[in-house]
Structure formats: C-alpha cells, structure tokens
Amino acid sequence: MCSGRYAFPQSERLTRRRDYQRMYREGSKRVGRAFICYTVRHEHQGRKFGCAVSRRVGGAVTRNRVKRYLREIYRTHRPELPPNLRIVIVARPTASGMTYDQCRDAVRALLKGAGVLHE
RNA sequence: UGAGCAGGCCGGACGGCCGCGGCGCCUUUGCGGCGUCGAGGAAAGUCCGAGCUCCGCAGGGCAGGGCGCUUCCUAACAGGAAGGCGGGGCGACCCGACGGAAAGUGGAACAGAAAACACACAGCCGAUGGCCCUCGGGCACAGGCGAAGGUGAAAAGGUGCGGUAAGAGCGCACCAGCGGCCUGGCGACAGGUCGGCUUUUCAAACCCCGCCCGGAGCAAUGCCGAAUAGGGACGCUAUGGCGUGGCCCGCGUCGCGUCCGGGUUGGCAGCUAGAGGCUCGCGGCGACGCGAGUCCCAGAUGAAUGGCCGUCUCGGAGCGGUUCGCCGCUCUAGACAGAACUCGGCUUACAGGCCUGCUCACGUC
RNA sequence: GGCGGCAUAGCCAAAUGGUAAGGCAGAGGCCUGCAAAGCCUUGUAUUCCCGGUUCGAUUCCGGGUGCCGCCU
C-alpha cells in the first residue's frame with residue numbers, strides 16, 4: 001500500500017501563534033454548529049493544518065479527544081485536499097458531546113461549502 | 001438468607017491495518033526503514049510538607065503565619081501508627097482544631113429582676129429587740145434571707161434527708177467538679193484515699209503558653225541567537241536610593257525607582273535513576289526500619305496514546321424457554337478523568353466488580 | 001504549568017458575630033392637556049454551594065463550584 005498517503009507528519013502542522021493569527025485575519029471563514037473553518041489557498045506554500053480547542057469546550061479529556069478527532073479527519077481526507085491549502089478548524093462548545101462520525105460529517109460539510117474538497 | 005462494618009485490590013484482555021511522540025541503530029541527497037518505550041489511582045484540586053534553583057550571606061530582633069491530648073514513625077508535614085479522654089451506634093466499629101477562661105482585655109442580641117463583685121427590684125420571715133393585747137395573737141421598724149421569680153442557648157453545684165422565724169453546703173449521704181497524697185503507666189491518663197465545700201460560656205474573639213517557619217518559584221534559573229531608539233515625564237539623590245522579604249539592625253553596592261513609548265516574544269540546558277518500583281528474609285503490636293536480589297518504567301513544548309475491524313470474557317438491557325439453586329439468542333466496553341521539574345501526604349470525583357476478616361437479625365440442623 | 005483575587009435584589013454596592021444599609025432600575029400615586037424632571041409610597045435576597053465552630057454565621061474555619069487578573 002502507499003503508506004504515506006494517509007500520514008500526518010510534523011511538517012504539515014501549524015505550530016506558531018503567528019501562523020494562526022494570519023489565518024484568522026486573512027482566511028475565508030465558514031461557521032458551523034460545532035466548528036469554525038478557516039481556509040487559505042496560496043501558491044508556493046505547502047499543505048498545512050491546525051486546530052484550536054479552547055477551555056470553553058470542556059476539560060482536558062474532551063479537548064484532547066476533539067483535537068485527536070480533528071487530526072484524524074485531516075489525515076483521512078488528505079488525498080482529497082489541494083496541495084497548497086491551509087486549514088484551521090476551531091471547535092465550539094457543541095463539539096464536546098459529538099462522536100467521531102458526527103465530527104467527520106460536520107467538517108466534511110464545512111470543507112465542501114468552502115469548495116476545497118473534491119471527489 | 002438479609003442488613004452492615006473495617007482493610008486491601010482491579011478499574012477490560014488478545015490480535016490486525018493506518019497514524020502520532022521520545023530514544024537507539026541503519027541509511028544518509030531529500031526522505032525513509034527497523035527495533036523499543038509511551039498517562040492515573042486519582043495524572044485532578046493546588047490544600048500541606050520537602051528536594052532542586054535563584055535572591056551577596058540566609059544572620060539577629062519585632063511583626064506576621066502555622067500547628068496544638070500522649071508516645072512513636074518519617075527527610076519533613078496540617079500525614080501515618082499505637083494508645084488516652086469525650087461523643088455516637090444493639091454491635092462490628094465510627095467521629096473529634098482535644099493546651100490555657102483563679103494573667104489580662106472584650107463579647108453574650110431579644111426576652112428577663114438579674115448575663116457575671118449576685119448589687120438593686122419584686123418577694124419571704126419578722127424567731128431576737130419595741131408597742132398593743134381578750135395572753136391565742138396583732139402592728140410597724142430595726143434587722144435577717146438568698147429558697148421561690150420558670151425568661152433565656154446559658155441563672156451561681158444536683159438529688160434526698162435534717163435543720164430554721166424564714167432560709168442557706170448551715171449539717172449529713174450519694175453524685176459531678178476542684179486541690180493534695182499514694183499506687184500503676186515512658187506519657188496522655190486511670191484507680192484509691194483525704195480535704196475544704198465550688199469557680200457560666202465564647203479563645204475556628206484579641207490574647208497567653210509550648211513547638212515550628214527567610215522569600216520566591218522550572219513561565220525558577222543559566223547559556224546562545226534575533227530585533228529596536230536606549231527616547232520622554234515624574235520622584236529621590238549619601239542622616240539617601242537600591243540589592244524581591246512588612247519593618248528595624250547588620251552586610252554589600254553607587255546613581256536608582258515608577259510610569260509612558262519602542263523591540264523581541266526563537267533555540268538549548270534545567271528534563272527525568274528517584275527519600276524509585278517489585279520479590280524474599282529479619283526486627284517491631286503497628287506505622288515503619290534494615291539487609292539481599294532484581295528491574296529501568298512517558299518526557300511533549302500549538303503540546304504525543306487516536307481511527308477502523310475481528311475474537312473473547314465481566315456486568316447491564318431485551319426476548320424466548322424453564323426440572324426455576326438455570327439455559328439459549330440479540331444489543332452493548334459502558335465510571336471519574338489526560339503527565340508538563342520531581343517526590344511524600346491530604347482532599348475531592350468515580351459505572352461496575354473481586355478478595356480477606358468481623359458484627360447484627362431471622363431461619364434450619 | 002505556577003501565583004493571586006472576587007462572588008450580597010434585575011444592575012452597582014455597604015454591613016464590630018445579633019432579624020442584610022443605600023443608589024439605579026421596576027410598580028403605584030401626586031403634579032401635567034400629555035410626557036420628562038421633581039415629590040410621596042412600595043415590592044424584591046437559599047448573602048454562590050456543602051459542612052463545622054457558636055445559643056446564633058454575610059462575617060470565623062475547612063471542602064467544592066464559577067468568574068477575573070498576573071508571571072513567558
């Protein structure tokens with residue numbers, strides 16, 4: 001199998017506060033019931049992903065679970081996303097009680113609405 | 001069988017595919033491959049105690065704070081063990097901030113005569129002394145009294161008998177409390193005996209006594225690198241300012257402090273082998289200590305444990321059968337909760353389950 | 001991650017351990033042709049929650065919850 005197809009290496013993460021603030025300022029924003037999605041497409045940059053889950057969502061256990069779900073969703077949808085796309089997904093308090101399948105469907109709907117998910 | 005008490009433990013297991021963090025090795029052009037390890041009993045709250053780092057030294061005094069029955073354990077503790085005393089429970093057992101109120105200051109609302117010299121008030125008596133008299137008694141005063149005053153959370157030891165004009169620890173017995181002595185115990189304290197007859201409560205009010213405590217915290221601290229403009233205002237300037245303590249002394253140092261404005265908000269070390277876990281032996285009632293062997297058991301920094309699937313068990317729910325002390329099928333891993341410098345405790349949260357010892361009630365033999 | 005603070009009526013906010021002030025807002029009335037302003041009257045509190053000390057707790061002492069701030 002093509003093992004790297006569904007990977008999520010360190011180089012595809014947004015790790016700086018500066019990057020997140022640029023996304024909030026310049027990205028196109030779509031709001032759903034449980035998540036908010038910021039997307040930016042530029043040439044000459046790699047595909048990157050980041051997520052933000054504040055303390056309003058819940059305790060440390062639920063926040064970690066939501067972040068893992070979001071990373072898993074990005075990993076499994078990576079081949080369907082353009083290579084020059086940057087995404088930031090912010091969780092809202094509604095996401096605290098949702099299962100993995102519910103989160104996946106909500107994020108897919110937001111990405112389709114942004115026109116960045118093909119297939 | 002039912003109800004309950006105490007102590008200890010578990011808190012799914014195995015496998016496959018994809019993915020993530022650390023370390024090691026290989027390959028190193030980018031990359032990648034292989035191996036290995038990868039959350040908890042509370043990792044939580046940050047309530048105590050330490051290690052460690054810095055504050056020049058960590059010194060003295062005051063202030064402030066903490067602890068508070070005894071003995072022991074411990075690196076230390078507000079922790080633990082064994083005991084004492086008090087309270088609760090039929091019981092197994094459980095709970096207790098449990099020093100001092102005759103060192104001093106203060107509080108005790110309302111009600112009540114009075115809230116701490118029992119003074120006044122209301123009241124009782126008027127035996128003794130005085131007057132009248134039908135010699136039974138009556139009258140007012142001097143005086144005596146602290147029983148009854150039923151309010152209050154709390155009323156000046158309690159109950160009984162005697163005593164008296166009326167009464168009172170005034171006398172006696174028992175009980176409670178206080179003090180001395182003797183005996184037992186390391187001690188808290190217990191038991192006995194004698195004595196004079198008694199003193200409210202609040203110190204989680206100030207306080208007194210005894211013991212303990214310097215301040216901060218890994219975002220500490222050290223190193224490397226990048227960036228900007230070292231500019232303005234105010235204050236004090238050597239009996240002064242600063243050096244992290246609230247103040248003073250001592251010590252060190254000589255321009256410093258506060259605010260406004262500007263820049264950076266990257267990397268490395270600290271960072272995981274420790275009062276460490278497990279097993280066995282010995283000492284001790286026990287907490288725990290000593291000795292031997294053995295193991296290495298997370299180290300991220302926008303922050304790693306996840307997703308999907310299969311099998312099996314523990315419970316739970318539903319359906320059907322049932323010789324009802326059960327069997328089969330279907331669904332369902334299901335509590336609290338996520339390491340961030342590290343330990344020892346405490347506290348709080350927790351579906352369900354297991355083990356050991358013990359108590360009570362009922363039934364049967 | 002660490003350190004510190006706060007919680008009282010719809011809002012702001014006071015209270016030596018003794019029945020919880022005051023202001024704004026609200027309701028009713030007076031005044032006015034009608035309003036505003038002014039004046040009078042009035043209701044409103046599990047003192048964040050659970051325990052303890054005390055005769056009695058907003059206050060004192062533990063534990064919990066929520067909110068806010070500071071440290072790179």
Side-chain angles (χ1 to χ4, degrees):
Chain A
M1 309 279 182
C2 301
S3 57
R5 218 173 123 82
Y6 294 105
F8 182 30
Q10 185 82 49
S11 58
E12 292 193 15
R13 293 181 194 174
L14 290 168
T15 58
R16 291 288 157 231
R17 180 171 173 78
R18 192 188 294 119
D19 299 333
Y20 280 86
Q21 287 181 335
R22 270 191 61 192
M23 292 294 291
Y24 297 145
R25 200 167 55 243
E26 300 174 5
S28 59
K29 177 182 177 184
R30 292 194 67 83
V31 180
R33 279 184 59 81
F35 301 100
I36 302 168
C37 179
Y38 295 88
T39 51
V40 164
R41 297 184 70 169
H42 277 311
E43 299 302 322
H44 310 107
Q45 70 176 15
R47 176 170 50 198
K48 279 183 185 295
F49 172 78
C51 60
V53 184
S54 81
R55 289 200 19 216
R56 296 182 60 84
V57 176
V61 173
T62 56
R63 291 207 310 278
N64 277 338
R65 191 181 62 238
V66 170
K67 281 188 273 189
R68 283 165 187 155
Y69 284 175
L70 290 173
R71 282 196 293 269
E72 185 68 15
I73 291 162
Y74 171 78
R75 187 178 74 82
T76 52
H77 290 80
R78 207 165 70 109
E80 305 171 44
L81 294 169
N84 58 353
L85 180 72
R86 289 191 171 191
I87 309 172
V88 166
I89 293 178
V90 177
R92 306 178 69 191
T94 322
S96 62
M98 291 169 69
T99 63
Y100 173 72
D101 292 338
Q102 289 171 327
C103 290
R104 188 194 56 207
D105 296 343
V107 173
R108 281 176 66 96
L110 285 174
L111 292 176
K112 273 182 184 167
V116 296
L117 188 72
H118 43 268
E119 225 82 357

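Numbered from 1 within each chain, the chains take letters A, B, ... in sequence-line order.
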Task: A:Y74 OH to B:C18 P, straight-line distance once rounded to whole Å - done: 20 Å

- [ ] Quick one: label A:I73 by what it contacts on the DNA or RNA (base, sugar-phosphate, nothing), any heavy atom closer than 4.0 Å.
- [x] nothing

Task: Watson-Crick/G-U partner (both atom distances under 3.5 Å) of B:G266 - done: B:C224

Task: Complementary nucleotide for C:G56 - Watson-Crick or wobble, under 3.5 Å - done: none

- [ ] With heavy atoms under 4.0 Å as the rule, sort A:R17 into base, sugar-phosphate or nothing.
- [x] base

Open item on the list: Go nucleotide by nucleotide along RNA chain B from the 5' end; which of A:D101 and A:R68 gets its closest nucleotide reached first?
Closed with: A:R68

Open item on the list: Would you call the rings of A:Y100 and A:Y69 parallel, tilted or perpendicular, taking 30° and 60° as the class edges?
Closed with: perpendicular

- [ ] Can you tell me the distance, in whole Å, between the CZ atom of A:R75 and the P atom of B:G21?
- [x] 12 Å

TODO: Name the orientation of the base relative to the sugar in B:C94: syn if the glycosidic angle is within 90° of 0, else anti.
DONE: anti

Task: Complementary nucleotide for B:C206 - Watson-Crick or wobble, under 3.5 Å - done: B:G104

Open item on the list: With rounding to the closest Å, how many angstrom separate the P atoms on B:U201 and B:G96?
Closed with: 25 Å

- [ ] Have a look at A:Y20 and say if it touches a base, only the backbone sugar-phosphate, or nothing, with a 4.0 Å heavy-atom cut-off.
- [x] base

TODO: Would you mind telling me which residue lines up with the more 5' stretch of RNA chain B, A:A60 or A:R65, judged by nearest nucleotide?
DONE: A:R65

Open item on the list: If you compare every side-chain N and O of A:Q10 against the phosphate oxygens of B:C20 (OP1, OP2), does one of them come in below 4.0 Å?
Closed with: no

TODO: Return the nearest nucleotide to the side chain of A:Y69; candidates are B:A303, B:G338, B:G306.
DONE: B:G306

TODO: Could you measure between the two C1' atoms, the one in B:A153 and the one in B:C285, and give it in whole Å?
DONE: 46 Å

Open item on the list: Within 45 degrees of the ring normal and closer than 6.0 Å to the centroid, is that where the cationic atom of A:R78 sits relative to A:Y6?
Closed with: no

TODO: Taking atom C1' in both B:G185 and B:C197, compute the distance separating them and give it to the nearest angstrom.
DONE: 32 Å

Task: Residues A:D101 and A:R104 bridged, charged N to O under 4.0 Å - done: yes

Task: Any-strand Watson-Crick or G-U partner of B:C319, both distances under 3.5 Å - done: B:G328

TODO: Take atom P in B:C34 and the same atom in B:G338, then report the distance between them in whole Å.
DONE: 35 Å

Open item on the list: Does the structure show a Watson-Crick or G-U wobble partner for B:C234, both distances under 3.5 Å? Name it, or say none.
Closed with: B:G257

TODO: Measure from the ring centre of A:Y6 to the centre of the six-membered ring in the base of B:G19, then say whether that distance is under 5.5 Å and the planes meet at under 30°.
DONE: no

